[in-house]
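What follows is one structure encoded as structure tokens, with my remarks underneath.
As the structure lists them, so they are numbered: ligands from 1, and atoms in each ligand from 1.
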Amino acid sequence: MTGEALPRPFRLIAYETVGSTNDELKRLARDGADEGLIIIAGEQTGGRGRRGRAWVSPPGNLYSSILIRPDCRAAEAAQLGFIAALGVAGAIGELAPHIDLRCKWPNDVLANGKKVSGILLETEMVSGDRPDFVILGVGINLVSSPRDTPYPATSLGEEGAPGISPPMMAAAFIRHLALWLATWRQSGFAPIRDAWLARAMGLGEAIQVRLERDTLDGRFLDLDADGALLLGLPEGSRRIAAGEIFPARAA
Ligand code: BTN
């Protein structure tokens, strides 16, 4: 990478081209790879995003997947998405301190109001309610971003921070991720939730939530103890476990 040693237990395999770093790492995880294995790729030919979308992956941006074997219930594993988002925001904040960074529920990171990073969290269960492993798939736009996305996208280069290479960003991201993971394991979700809320886009404001089959307009009240969004509606508050949010004015 940058010559910088990774914190334990992280270790890295770099590919020039893969279909999807998440798929590659999933194969290794099923073969028994230990927690902390990271795959990065120079480009992806079949990058995947949330909600079945493609993640267009030309050279120059960071495409990474990290293997975690958490000792928790399946519902708690979703908290790892918030941990990854804090790791991304910490790394970008370190390398490009002039950029305004926000976390957008559930797992996106915004640079000056546009999406600069997306996270695809995939959990495989062993038995009952315990995850065998979680793959944290993290894309960070360093030099280019797609047009015509549901939410406007950007890259660090486009926001006035050129010259950040994928290995530089990967090293900073893993350092920040390791710190937030250690906090989670020591103190639970509460400090993660607080740090995420301090950067949250739209907290207390009117937002639109797009669900699989429905769209709701309400106020972003809070996150609950599991990371679900609490949406204020005329009839009361509603807990949203999965969806996509937009500012009310852009909706
Ligand atoms: C999103 O839709 O916002 C999530 C995008 C996640 C993209 C990353 S890039 C590295 C990893 N491999 C994939 O195929 N997807 C994730």
For Arg219, the salt bridge (charged side-chain N to carboxylate O under 4.0 Å, His left out) test, sequence neighbours excluded, returns none
Residues 131-143 vs side-chain hydrogen bond (donor to acceptor under 3.5 Å, both in side chains), sequence neighbours excluded, gives Arg69-Asp132
Chi angles and distances behind the salt bridge (charged side-chain N to carboxylate O under 4.0 Å, His left out) call for Arg102, Asp108
CA-CA 8 Å; Arg102 302 266 160 228; Asp108 294 343; over 6 Å; no
**Prompt:** Which of parallel (below 30°), tilted (30 to 60°) and perpendicular (above 60°) describes Phe189 and Phe82?
**Reply:** perpendicular
Put together the list of close N/O pairs, under 3.5 Å, between ligand 1 and the protein, could you?
unit_1   : atom_1 : unit_2 : atom_2 : d
ligand 1 : 2 (O)  : Arg50  : N      : 2.7
ligand 1 : 3 (O)  : Lys115 : NZ     : 2.6
ligand 1 : 12 (N) : Thr21  : OG1    : 3.0
ligand 1 : 12 (N) : Gln44  : OE1    : 3.0
ligand 1 : 14 (O) : Ser20  : OG     : 2.8
ligand 1 : 14 (O) : Arg48  : N      : 2.7
ligand 1 : 15 (N) : Arg48  : O      : 2.7

Short N-O contact, Glu244 and Arg51, less than 4.0 angstrom
yes
Residue set satisfying side-chain contact (heavy atoms from CB on, under 4.5 Å) with Asp34, at least two apart, ordered chain then number -> Arg11
